Amino acid sequence: MSSERTFIALKPDAVQRGLIGPIITRFEQKGFKLVAMKLITPTAELASKHYAEHDGKPFFAGLVEFLTSGPVCAMVWEGQGVIAAARKLIGVTKPLESAPGTIRGDFAINVGRNIIHGSDSTTSAEAEIALWFKPEEISNWTPVANKWIYE
Ligand code: DAT
Ligand code: MG
């Protein structure tokens, strides 16, 4: 199985609530590798592009306003199967329906305050990484623990 990358964003509610550490810990503990991270307050243009698939839906304006309201912790994580695995770690969109043990299941209640975004496919991962990061902002490195994580 080859390694892949996914885009993860901790939304302003996660940053405001001091949840960056606990959330990042889950990805690190799983064995995934952090290759890019920055705090950024997105412009309406960036937020709208990021959520373009939802343009026209009743919650779109509120979603963009929320994302632009404060810093977002934008990240790229790498590893085998990381795109699908991150979605499992995150839990389903509505936090009250997210299983306990998932990030949304453990830390959130409302769909509009569900604290974290994760790419849902290879195509969206590539597009979102390119939208949020310049190539030089991504670090290529080899964790010494890799041989204890991958067989
Ligand atoms: P996900 O973030 O799990 O990929 P999505 O792509 O369907 O979910 O929606 C993007 C975000 O939009 C979601 O994290 C929160 C918000 N959202 C989705 N459905 C909503 C709804 N019915 N009411 C309010 N906000 C919603
Ligand atoms: Mg989505």
Side-chain angles (χ1 to χ4, degrees), residues 1-135 137-140 149:
M1 194 181 198
S2 63
S3 193
E4 58 187 29
R5 287 175 171 175
T6 194
F7 174 72
I8 299 293
L10 309 186
K11 300 179 187 180
D13 45 354
V15 177
Q16 290 283 354
R17 292 174 58 197
L19 293 174
I20 294 174
I23 296 171
I24 289 177
T25 295
R26 295 185 177 213
F27 287 84
E28 286 188 324
Q29 286 176 334
K30 177 74 174 166
F32 292 130
K33 174 173 63 163
L34 183 64
V35 293
M37 177 165 72
K38 65 181 171 187
L39 272 191
I40 172 175
T41 300
T43 60
E45 186 189 358
L46 175 55
S48 301
K49 279 187 186 163
H50 175 76
Y51 278 128
E53 65 171 307
H54 299 298
D55 197 353
K57 293 181 185 171
F59 59 84
F60 182 72
L63 183 59
V64 169
E65 187 184 13
F66 170 56
L67 209 68
T68 58
S69 70
V72 166
C73 181
M75 298 177 281
V76 180
W77 286 86
E78 184 179 305
Q80 289 182 12
V82 69
I83 299 171
R87 296 279 295 187
K88 285 186 190 160
L89 288 174
I90 289 168
V92 298
T93 306
K94 293 180 180 173
L96 286 178
E97 295 172 11
S98 305
T102 65
I103 293 164
R104 286 171 174 163
D106 287 351
F107 296 128
I109 298 171
N110 285 177
V111 67
R113 296 290 182 273
N114 65 5
I115 72 172
I116 180 168
H117 165 85
S119 306
D120 63 8
S121 66
T122 309
T123 310
S124 61
E126 285 171 4
E128 290 167 2
I129 290 167
L131 179 65
W132 288 80
F133 287 97
K134 298 175 190 147
E137 290 177 313
I138 298 174
S139 295
N140 298 299
I149 295 168

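Remember, it's 1-based here, ligands and their atoms both numbered in the order they're listed. Computed from a predicted model, the values in this text were never measured in an experiment.
- The aromatic rings of His117 and His50 stand perpendicular to each other, their planes meeting at an angle above 60°, with 30° marking the opposite boundary.
- Side-chain contact between Ile8 and Ile90: present, with at least one pair of heavy atoms (C-beta onward) separated by less than 4.5 Å.
- Counting only heavy atoms from C-beta outward, the side chains of Glu28 and Trp77 approach each other to under 4.5 Å.
- The structure places CD1 of Ile20 at 11.0 Å from CD1 of Ile115, a figure rounded to the nearest 0.5 Å.
- Checked against side-chain contact (heavy atoms from CB on, under 4.5 Å), Ile40 has the following partners two or more places apart in sequence or in another chain: Lys38, Leu46, Ala74, Trp132.
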Dump the pairs for me: ligand 1 N or O, protein N or O, distance under 3.5 Å, to 0.1 Å.
| from | atom 1 | to | atom 2 | distance (Å) |
| --- | --- | --- | --- | --- |
| ligand 1 | 2 (O) | Arg104 | NH2 | 3.0 |
| ligand 1 | 3 (O) | Thr93 | OG1 | 2.6 |
| ligand 1 | 3 (O) | Arg104 | NH1 | 3.0 |
| ligand 1 | 4 (O) | Arg87 | NH1 | 2.8 |
| ligand 1 | 6 (O) | His54 | NE2 | 2.8 |
| ligand 1 | 8 (O) | Thr93 | OG1 | 3.2 |
| ligand 1 | 9 (O) | His54 | NE2 | 3.3 |
| ligand 1 | 14 (O) | Lys11 | NZ | 3.0 |
| ligand 1 | 14 (O) | Asn114 | OD1 | 3.4 |
| ligand 1 | 14 (O) | Asn114 | ND2 | 2.8 |

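- Considering Glu128, Glu126, Glu4, Arg87 as possible partners of Ser119, the one that fulfils the side chain to side chain donor-acceptor pair (under 3.5 Å) test is Glu128.
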